[in-house]
Amino acid sequence: MSASPGPDGTPAHVAIIMDGNGRWATARGLPRSAGHRQGVEALRRTVRAAAEQGLRVLTLYSFSTENWSRPQAEVRFLLELLRRFIRTDVAELHQANVRVMIIGGRDGLETGLRAMFEEAEALTRGNTGLKLVIAFNYGSRQEIARAVQALAARVAEGLLAPAAITPELISGELDTAGLADPDLLIRTGGEQRISNFLLWQCAYTEFVFLPEYWPEFDGQSLARAIGIFRGRDRRFGGLKAQTA
Ligand code: IPE
Ligand code: IPE
Ligand code: MG
């Protein structure tokens, strides 16, 4: 699905790889968990700033399919932070007309967590403000594999011809079905890689890599990244508008 920045060049959809919590804490002589806790504060600031700055969709990478390989205590802490965030913040997000969506694999997640996701989505389904998409247990290759399985099942039933499988049909089977592709992807923490995030959806997304750690991120950081985005020349394989 094509992206559609606003008339003033504001990206409609910003995706963020919230990275650097652990290093932020270690640099201060604190346990990694302190970085994750501050990361939640940065997340709250960023959601508010995204709405204020006129974004339509904000997608946040909160936990990858590969993050399960971390020490059990850290995984448990991250899960507890997410549970607490949903318990304490969803009502306020609902008040602010934010629609909450969760992407990523649901199979194998504990039922309590799945129920919380479903409740948050159901409560905010009718909201028309910012769409807040939280990527949890998310891996882009796994998401694509799930989409291929769904299409293959339709082929096997004789409901779909292989030649009828188009990029649009594949997009429609992804967890992000119905959302415009991200215009801008921000990664904090200095690494310049995508770490299995939105591989299909980022075909023509602009990437901005920031050295600051996620707990330091705020509305100004977001505005700065959007400023960099505005200075980019998006061509989508074509030519610049004025030379076309
Ligand atoms: C991002 O910070 C949070 C998650 C991946 C869950 P990290 O925990 O990756 O922090 P660093 O990259 O080790 O500093
Ligand atoms: C990406 O960060 C995942 C999230 C921010 C949730 P990682 O810290 O897991 O990525 P790598 O391991 O540095 O590639
Ligand atoms: Mg990291």
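Atoms within each ligand, like the ligands themselves, are counted from 1 in listed order.
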(message) If we count only N and O atoms by modelled type, under 3.5 Å, do the side chains of Gln53 and Thr10 hold a donor and an acceptor together?
(response) no
(message) Tell me whether Thr188 contacts the main-chain N or O of Asp19 through its side chain, where contact means a donor paired with an acceptor under 3.5 Å.
(response) yes
(message) Donor-acceptor check, side chain of Arg230 to backbone of Asp8, threshold 3.5 angstrom: yes or no?
(response) yes
(request) Please say which of Arg23, Arg28, Arg45 ends up in a salt bridge (Lys or Arg N to Asp or Glu O under 4.0 Å) with Glu216. (result) Arg28
(message) Tell me whether Leu55 shares a hydrophobic cluster with Tyr204, the cluster being built from Ile, Leu, Val, Met, Phe, Trp, Tyr side chains joined at under 4.5 Å.
(response) no
(request) Answer yes if the side chains of Asp181 and Trp200 hold a donor-acceptor pair under 3.5 Å, and no otherwise. (result) no
(request) Can you run down the salt bridge (Lys or Arg N to Asp or Glu O under 4.0 Å) pairs that involve residues 150-169, sequence neighbours left out, and say none if there aren't any? (result) Arg154-Glu173
(message) Which of the numbered atoms in ligand 2 are under 4.0 angstrom from any heavy atom belonging to Arg187?
(response) 2 (O), 10 (O), 11 (P), 13 (O), 14 (O)
(message) Check for me whether the distance between the ring centres of Phe136 and Tyr61 falls short of 6.0 Å.
(response) no
(request) Output all residues satisfying side chain to side chain contact (heavy atoms under 4.5 Å, CB included) with Val47, sequence neighbours left out; order by chain, then residue number. (result) Leu43, Leu58, Leu60, Leu93, Leu130, Leu132
Using a 3.5 Å cut-off on N/O to N/O, what pairs does ligand 1 make with the protein? A line per pair would be great.
unit_1, atom_1, unit_2, atom_2, d
ligand 1, 2 (O), Gly20, N, 3.4
ligand 1, 2 (O), Asn21, N, 3.2
ligand 1, 8 (O), Arg32, NH2, 2.9
ligand 1, 8 (O), Arg70, NH1, 2.7
ligand 1, 9 (O), Asp19, OD1, 2.9
ligand 1, 9 (O), Arg70, NH2, 2.9
ligand 1, 10 (O), Asn21, N, 3.2
ligand 1, 10 (O), Gly22, N, 2.9
ligand 1, 12 (O), Asp19, OD1, 2.8
ligand 1, 12 (O), Arg23, NE, 3.4
ligand 1, 12 (O), Arg23, NH2, 2.9
ligand 1, 13 (O), Arg32, NH1, 3.1
ligand 1, 13 (O), Arg32, NH2, 3.1
ligand 1, 14 (O), Gly22, N, 3.3
ligand 1, 14 (O), Arg23, N, 2.7
ligand 1, 14 (O), Arg23, NE, 2.8

(message) Show the atoms of ligand 2 that are less than 4.0 angstrom away from any heavy atom in Arg193.
(response) 11 (P), 13 (O), 14 (O)
(request) Could you count the protein N, O or S atoms found under 2.8 Å away from the Mg ion (ligand 3)? (result) 1
(request) Spell out, as yes or no, whether a donor-acceptor pair under 3.5 Å connects the side chain of Asp175 to the backbone of Gly104. (result) yes
